[in-house]
Amino acid sequence: MSRFRSRSTRLIAAVATLGLLSACGGGGGSGTVTTGGGGTAAAPTPAPSPTATGTCSLAARQNWVQAQMNEWYLFPETLPANINPASYSDVPSFIDALTATARSQRKDRYFTYITSIAEENAYYNSGSSAGYGVRFAIDGAARRLFVSEAFEGAPALAAGIDRGTEILAIGTSASTLRNVGDILASEGSAGITNALGPSNVGVTRTLRIGDATGTRNVTITKAEFELTPVSSRYGAKVIDDGGRKVGYINLRTFINTAETPLRNAFASFKSQGVSQVIVDLRYNGGGLVSIADLMNNLMGADKTSSTVANYVSFRPSKASNNETVYFAPQPQSIAPTRVAFIGTSGSASASELVMNTFIPYLGNRAALVGTNTYGKPVGQIARDNAACDDRLRVIAFALENANRQGAYYDGLAPFMGATCQAADDVTRPLGDPAEASTRAALDFLAGRSCGATIAEGGTGPSAQSSEIKLQRELELLTPMRPTTPQREVPGLF
């Protein structure tokens with residue numbers, strides 16, 4: 001989870017000192033992104049479970065968090081001068097209080113948080129997660145719940161639940177089913193999260209679903225599964241668009257196991273002479289920046305080892321950790337002449353880093369297609385309290401491209417050379433040339449009209465034009481306190 005892992009001897013040493021560096025993802029709980037370059041810094045082995053006394057008492061854990069924040073936080077001027085940890089009943093609420101001022105300034109929208117060392121390591125190393133294996137998205141206006149994506153090897157897809165399936169009712173059994181519309185009306189999205197049950201293996205729910213085959217009840221049980229970062233069904237392919245070959249790559253999350261499929265995809269693009277690419281990051285909340293660096297390098301065949309990709313800047317007192325990151329072209333690299341990045345408000349952190357990296361080099365030959373991104377131009381380091389299995393993800397550095405452009409806290413739309421507003425059409429598979437965002441991306445690459453420009457004042461449905469509002473508006477379902485996988489894979493359950 002570190003973008004700095006294998007960039008230089010100095011940075012490797014820094015990682016050993018700082019813990020894993022990361023540029024975690026989206027909002028009130030979307031994504032955790034790392035800022036990487038390769039390898040993995042060794043993480044301490046966590047204790048089986050924290051003890052309630054001594055070094056793992058609530059007071060001790062809060063004091064440890066406060067010390068780390070005072071030393072490393074990117075916005076030290078926003079930390080409260082006086083705060084009583086005893087006023088807070090748990091560590092997360094204490095962290096929220098420490099970051100309240102930065103959050104009000106949109107600089108740290110729940111990007112700093114406490115998590116489990118064991119859980120994080122399991123996710124970043126293999127995509128390990130427990131759940132149904134789908135992304136859920138809500139149509140707030142109509143009070144409806146849809147599946148925006150289903151993952152291979154997980155319970156939901158095995159039960160016939162895929163992108164576009166509507167969840168009509170949820171219950172612990174067929175006799176306790178509650179209509180989704182009623183839950184949303186009375187309890188909001190938190191009611192849906194609660195109805196779906198905790199993220200534990202063995203949790204079983206009965207869902208009434210509707211899809212092209214009709215309406216039926218399906219009972220599924222949460223299980224451990226490994227999230228495949230590039231789908232074996234639609235994740236990488238070459239699209240024939242009127243005789244033009246266009247590379248399409250959909251990256252779900254930036255984790256270590258993405259390296260091989262990414263290399264394979266670009267090797268295929270290279271062998272077929274592809275020079276135009278769609279990079280679909282529409283739900284990607286972030287992950288390892290080492291994988292973001294790899295993505296940049298796979299599109300940097302025309303760059304050299306002295307070409308700046310981006311800059312990493314810590315607070316003045318930690319400036320010795322600053323780094324200039326250079327391109328490192330790979331054997332599979334291509335030099336795209338035009339790139340269409342598909343994004344939404346679920347696209348954050350490492351996803352935005354990749355898009356921002358190419359702004360200086362492609363200008364209006366690179367477009368953001370879909371809606372505005374989340375807005376997270378900063379990254380975390382990981383500070384570990386191994387005895388308590390506590391990992392503090394603290395915002396510690398800012399990210400800028402070669403032109404020193406950063407601070408896109410309201411999303412990347414104002415920074416991109418071109419934008420094309422488009423809907424996320426869940427009635428069609430991802431990567432289908434007829435799917436709205438993919439179609440707009442193809443139109444941009446071909447030089448055709450690709451629709452209205454993306455609103456530059458915010459993210460999500462409220463920022464969409466009236467034309468887009470005629471189509472279904474969906475917001476990825478995110479719990480207030482997401483797990484590590486849910487941070488990096490917005491909407492994951």
Side-chain angles (χ1 to χ4, degrees), residues 3 7 23 33 35-38 229-230 235-239 241 244-254 258-282 284 286-311 325-343 347 349-370 373 399-403 405 412 415-418 431 438 441-442 444-446:
R3 103 174 249 134
R7 290 199 173 142
V33 189
T35 35
V230 177
K237 60 184 177 180
V238 173
I239 298 173
D241 183 38
R244 291 182 314 110
K245 290 184 175 181
V246 175
Y248 173 87
I249 181 73
N250 181 303
L251 183 64
R252 291 164 165 167
T253 183
F254 292 79
E259 178 174 353
T260 296
L262 283 176
R263 289 186 183 276
N264 290 343
F266 279 88
S268 175
F269 298 163
K270 184 176 182 179
S271 69
Q272 297 184 63
V274 166
S275 62
Q276 298 186 350
V277 182
I278 298 172
V279 180
D280 193 341
L281 302 170
R282 74 182 73 191
N284 193 320
L288 302 175
V289 184
S290 57
I291 301 301
D293 286 347
L294 174 63
M295 177 76 86
N296 289 337
N297 292 330
L298 289 171
M299 293 189 288
D302 57 340
K303 308 297 189 293
T304 71
S305 59
S306 61
T307 306
V308 173
N310 46 69
Y311 295 99
V325 182
Y326 298 94
F327 280 94
Q330 302 294 300
Q332 305 84 8
S333 295
I334 66 172
T337 57
R338 293 173 75 88
V339 179
F341 295 102
I342 298 179
S347 307
S349 199
S351 292
E352 293 171 307
L353 172 61
V354 171
M355 300 181 201
N356 193 42
T357 295
F358 286 92
I359 290 174
Y361 300 107
L362 290 175
N364 63 7
R365 292 180 292 123
L368 171 61
V369 177
T373 62
L399 298 163
E400 298 173 315
N401 65 22
N403 286 350
Q405 293 171 302
L412 272 171
F415 293 77
M416 297 296 296
T438 308
L442 290 169
F444 167 77
L445 295 175

Nearest heavy-atom neighbours spanning [X] and [Y]:
X	Y	answer
Ala301	Pro329	CA-CB, 4.4 Å
Leu445	Ala340	CD2-N, 3.8 Å
Ser351	Gly286	OG-N, 4.5 Å
Arg263	Leu298	N-CD1, 4.2 Å

How many angstroms lie between atom [atom1] of [X] and atom [atom2] of [Y], to the nearest 0.5 angstrom?
X	Y	atom1	atom2	result
Phe444	Ile342	CZ	CD1	12.0 Å
Leu294	Phe266	CG	CZ	8.5 Å
Met295	Ile249	CE	CD1	6.0 Å
Gln332	Ser268	CD	OG	11.5 Å

Would you mind reporting whether [Y] and [X] have side-chain heavy atoms less than 4.5 Å apart?
X	Y	answer
Asn296	Asn310	yes
Thr304	Phe327	no
Arg282	Thr438	yes
Leu412	Phe341	no
Met299	Val279	yes
Leu262	Ile291	yes

Contacts of Asn403 that satisfy side chain to side chain contact (heavy atoms under 4.5 Å, CB included) - sequence neighbours left out: Pro360, Asn401, Gln405
field: Passing candidate, side chain to side chain contact (heavy atoms under 4.5 Å, CB included) with Val230, options Thr253, Asn250, Thr260, Leu251
entry: Leu251
field: Passing option when Leu281 is tested against Arg252, Met355, Glu352 for side chain to side chain contact (heavy atoms under 4.5 Å, CB included)
entry: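 Only one of Arg252, Met355, Glu352 forms a side chain to side chain contact (heavy atoms under 4.5 Å, CB included) with Leu281, namely Met355.
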query: Any donor and acceptor pair, going by atom type alone, linking the side chain of Ser333 with main-chain N or O of Asn297 inside 3.5 Å?
result: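 Side chain of Ser333 to backbone of Asn297, a donor-acceptor pair under 3.5 Å: yes, one is there.
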- prompt: If only atom types and distance count, is the side chain of Lys303 paired as donor or acceptor with the main-chain N or O of Ala309 below 3.5 Å?
  reply: no
Let me have the donor-acceptor pairs involving side chains of residues 361-370, under 3.5 Å, with sequence neighbours excluded, atom names and distances please.
{"from": "Tyr361", "atom 1": "OH", "to": "Val308", "atom 2": "O", "distance (Å)": "2.5"}
{"from": "Arg365", "atom 1": "NH1", "to": "Thr337", "atom 2": "O", "distance (Å)": "2.7"}
{"from": "Arg365", "atom 1": "NH2", "to": "Tyr361", "atom 2": "O", "distance (Å)": "3.2"}

